[in-house]
Amino acid sequence: MKNVKLKRSCLETDVLIIGGGTAGCYAAIKLGAEKELRVLVAEKANIERSGCLAAGVNALNAYISNGHTPADYVEYARKDAEGIIRDDLMMTIAESVNEVTEDLERRGLVILKDESGNYVTRGWRNVKINGENIKPLLAKGVREQSNVTVLNHVNITDLKITNGTVHGAWGFSVRDLTAYDIEARAVLIATGGAAGLYRPNNPGFSRHKMWYPPFNTGAGYAMGIRAGAEMTTLEHRFIALRCKDTIAPTGTIAQGVGAKQVNARGEIYETKYGLTTPQRIFGTVEENRKGNGPCYLDTRHITAEQQSDLYHAYLNMAPAQTLKWIESGKGPKEQLVEVEGTEPYVVGGHTASGFWIDTKRETTVHGLFAAGDVAGGAPQKYVTGALAEGEIAAEALAGYLAAGRDKEALGDRREDAPAWTDYEAYLSHEPGNLTAEQLEEAMQKVMDEYAGGIHTDYRYNKSRLELADEKIKHLESLLPQLAADGPYELLKIYELRERLTVCRALIAHLLARRETRWHTFGENADYPEQSPEGCCYINSRWENGSFHIYRRPLVKGGHYEHTHP
């Protein structure tokens with residue numbers, strides 16, 4: 001047996017930001033104004049091109065225009081989420097999305113304007129941008145802050161917790177054999193949501209061609225769950241309606257050129273099922289189940305100019321779709337665009353899944369804050385909502401430290417068991433019969449077949465979910481048998497560990513919501529209708545080796561604040 005020892009790097013900071021994506025970068029930029037605070041951003045990739053915006057985006061989906069108000073945006077989000085949102089969180093986001101949009105423009109983002117100098121909108125809550133450089137612009141803003149240090153290529157795995165208070169984290173370099181012990185007075189998790197839990201649309205080499213970034217593994221959720229943080233609404237999964245095979249966005253076509261959803265008979269079916277996000281996918285699944293598929297977006301009415309615009313739009317965000325049109329010799333003006341649903345994801349930027357937070361974005365763990373896709377309760381936040389939450393969290397973090405709350409709550413410090421002992425164990429193992437990739441495929445098969453994946457048209461029931469939990473627990477038990485030949489293989493093992501933890505939590509939430517509130521997002525075969533008892537938040541906390549479920553009443557009006565035990 002090998003005996004691998006890691007180099008150990010001990011760091012101290014006032015604020016540790018885990019995740020250098022949209023929310024994490026913006027929080028770091030805003031904390032740059034607090035020159036007395038030391039801020040450290042830890043990112044497992046490089047903040048220049050990491051997170052959901054790594055390759056760019058062609059629109060900002062949360063901007064309030066045409067005489068609408070923040071209250072209108074809250075109502076839109078509530079309707080799309082069938083009532084399960086946090087009004088207080090949504091309102092604080094809605095009040096900020098225009099301001100952060102204008103700040104992005106000042107930082108160099110190209111936002112399209114009409115002849116009068118107004119933003120070019122797509123509907124009343126969406127503006128068109130040239131956003132291929134949006135992430136480098138945010139990274140530049142971070143680098144300009146004299147009190148902010150960036151730690152690229154470091155994967156954070158575990159929070160350091162004493163007396164219910166966070167005081168740092170453990171991690172390792174994905175480039176060399178270095179383990180990190182980071183002490184921090186407060187921590188912001190901004191790691192994004194979870195992809196790769198379920199078997200994806202495309203197999204083999206193309207398995208990572210998916211809607212949500214495959215490198216977003218639910219790490220933030222998982223470390224929060226293990227630390228005892230309360231989570232909310234994980235059962236509100238997200239399934240995207242996408243262009244078949246390429247998994248390219250459909251909104252650019254549906255909203256941009258007014259394409260209707262039609263079945264193979266040429267019938268417009270979207271009006272039968274509704275136009276909310278889950279209803280559009282539900283209609284597509286149902287039409288296919290009835291034998292009326294394949295389903296399409298009918299683009300044959302568009303002009304040559306609109307077709308050219310679609311080519312350019314997809315080159316900016318999903319080039320595979322433009323290449324597919326070119327290779328086929330037929331553009332969207334000559335052929336319909338086939339659509340399908342993706343595998344499910346857990347992502348708080350589109351649904352309400354994530355940490356249970358107060359209006360300052362603090363979790364139920366003292367000193368631990370959350371922003372962006374990892375924060376629950378506020379769906380439809382998109383890019384600008386993630387920026388808004390990063391700013392809100394930054395202000396709250398500064399206030400938390402200025403008030404000395406970190407010292408009040410922590411009390412006597414105890415020594416945590418260093419996570420690097422586990423890192424070294426994986427690196428010291430001789431390769432066996434199992435690999436992380438094999439276990440990941442097994443996990444995805446279990447979730448697909450027993451926990452409502454594509455295989456079952458997103459349907460699940462109690463008996464299948466209980467089997468899923470049993471099988472996922474077994475896969476977890478196999479983790480200690482894995483071996484890592486270096487830091488990259490170690491990263492793969494920990495990404496698998498995080499996904500398995502999120503799978504367990506997701507299954508617990510799916511079991512707890514005994515209704516079908518969001519068709520397709522959560523299609524419960526035992527309870528196919530909505531229930532009045534379902535008008536609540538399903539929350540959970542990992543306690544003594546199992547998930548304890550809490551049913552919290554809806555927050556309507558006013559602000560919710562934690563009452564810590």
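FYI, side chains are in, hydrogens and waters are out, and symmetry mates aren't considered; it's all heavy atoms of this structure.
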Discussion item. Nearest 0.5 angstrom please: Tyr198 OH to His455 NE2, how far?
Written reply: 13.5 Å

Worksheet entry | Contact summary for His509 and Thr232, nearest pair of heavy atoms | CE1-C, 4.1 Å

Practice prompt. Determine yes or no for a side-chain-to-main-chain donor-acceptor pair under 3.5 angstrom, with Glu267 supplying the side chain and Tyr269 the backbone.
Written response: no

Worksheet item: Parallel under 30°, tilted from 30 to 60°, perpendicular over 60°: which one fits the rings of Tyr382 and His350?
Response: perpendicular

Item to complete: Can you measure from CZ (Arg464) to NZ (Lys471) and round to the nearest 0.5 angstrom?
Response: 10.5 Å

Worksheet item: Do any N or O atoms from the side chain of Asn524 and from the backbone of Pro528 form a donor-acceptor pair under 3.5 angstrom?
Response: no

Discussion item. Could you check whether Arg459 pairs with Asp457 (Lys NZ or Arg NE/NH1/NH2 to Asp/Glu carboxylate O, under 4.0 Å)?
Written reply: no

Discussion item. Between Ile507 and Leu511, is there a side-chain heavy-atom distance shorter than 4.5 Å?
Written reply: yes

Item to complete: Evaluate the side-chain proximity of Cys52 to Pro213: yes if any heavy-atom separation is below 4.5 Å, no if none is.
Response: yes

Discussion item. Once salt bridge (Lys or Arg N to Asp or Glu O under 4.0 Å) is applied, do any residues pair with Glu270, and if so which ones, sequence neighbours excluded?
Written reply: Lys260, Arg280

Worksheet entry | Cation-pi, Tyr76 ring and Arg125 (6.0 angstrom, 45 degrees) | yes

Practice prompt. May I ask you to decide if Gly220's main-chain N or O and Thr191's side chain share a donor-acceptor pair within less than 3.5 Å?
Written response: yes

Item to complete: State, yes or no, whether a side-chain contact exists between Tyr26 and Val142 at a heavy-atom distance under 4.5 Å.
Response: no

Worksheet item: Say you draw a straight line from NZ of Lys324 to CD of Gln335; how long is it, rounded to the nearest 0.5 Å?
Response: 8.0 Å

Worksheet item: Could Glu340 and Lys244 be called an ion pair, given the rule that one side-chain N must be under 4.0 Å from one carboxylate O?
Response: yes

Worksheet item: Does any N or O in the side chain of Thr501 come within less than 3.5 Å of the main-chain N or O of Arg497, such that one atom is a donor and the other an acceptor?
Response: yes

Item to complete: Tell me, yes or no, whether the heavy-atom count around Arg300 atom CZ, taken from other residues, nucleotides or ligands under 6.0 Å, exceeds 12.
Response: no

Practice prompt. Ignoring hydrogens and angles, tell me if any N or O in the side chain of Thr516 forms a donor-acceptor pair with the backbone of His519 under 3.5 Å.
Written response: no

Item to complete: Verify, without hydrogens or angle tests, whether Arg517 (side chain) and Glu82 (backbone) share a donor-acceptor contact under 3.5 angstrom.
Response: yes

Worksheet, complete the sentence: OG1 (Thr121) and CG (Leu60) are apart, to the nearest 0.5 Å, by 12.5 Å

Worksheet item: Are any of the side-chain heavy atoms of Val337 and Thr250 separated by less than 4.5 Å?
Response: no

Item to complete: May I ask you to check whether Phe282 and Trp518 place their ring centres under 6.0 Å from each other?
Response: no

Discussion item. Do Gln307 and Thr299 have side chains that approach each other closer than 4.5 Å (heavy atoms only, starting at C-beta)?
Written reply: no

Worksheet entry | Side-chain heavy atoms of Ile64 within contact of Val97, under 4.5 Å | yes

Worksheet item: Glu75 side chain to Asp72 main-chain N or O, any donor-acceptor pair under 3.5 Å?
Response: no

Item to complete: Please list, chain by chain and in numerical order, all residues satisfying salt bridge (Lys or Arg N to Asp or Glu O under 4.0 Å) with Lys330, sequence neighbours excluded.
Response: none

Item to complete: Measure up the Trp124 and Tyr73 rings against each other and bin them: parallel (under 30°), tilted (30 to 60°), perpendicular (over 60°).
Response: perpendicular

Fill in: Minimum heavy-atom distance Arg122-Ala59, with the two atoms named
NH2-CB, 4.0 Å

Item to complete: Please name the pair of heavy atoms, one in Val100 and one in Thr384, separated by the smallest distance, quoted to 0.1 Å.
Response: CG2-O, 3.6 Å

Worksheet item: Counting N and O atoms only, with roles assigned by atom type, does the side chain of Asn155 sit under 3.5 Å from a partner on the main chain of Thr157, one being a donor and the other an acceptor?
Response: no

Item to complete: Ignoring hydrogens and angles, tell me if any N or O in the side chain of Glu523 forms a donor-acceptor pair with the backbone of Thr520 under 3.5 Å.
Response: yes

Worksheet item: Pick from Tyr212, Phe521, Tyr458: which one makes a ring-ring contact (aromatic ring centres under 6.0 Å, His included) with Phe238?
Response: Phe521

Worksheet item: Under 4.5 Å between any side-chain heavy atoms of Ile85 and Val74, yes or no?
Response: yes

Worksheet, complete the sentence: Between Lys381 and Ala62 the two heavy atoms that sit nearest each other are O-CB, 3.8 Å

Discussion item. If you apply the rule ring-ring contact (aromatic ring centres under 6.0 Å, His included), what do you find for Phe215 with His208, and how did you get there?
Written reply: CA-CA 9 Å; Phe215 37 80; His208 290 143; 9.5 Å; no

Worksheet, complete the sentence: Separation between CD (Glu48) and SG (Cys25), nearest 0.5 Å, reads 9.0 Å

Worksheet entry | Minimum heavy-atom distance between Val262 and Leu336, given as atom pair plus value | CG2-CD2, 3.6 Å

Worksheet entry | Smallest separation among heavy atoms of Val41 and Gly20, with atom names | CG1-CA, 4.0 Å

Discussion item. Would you compute the distance between atom NZ of Lys445 and atom CG of Leu475 and round it to the nearest 0.5 angstrom?
Written reply: 11.5 Å

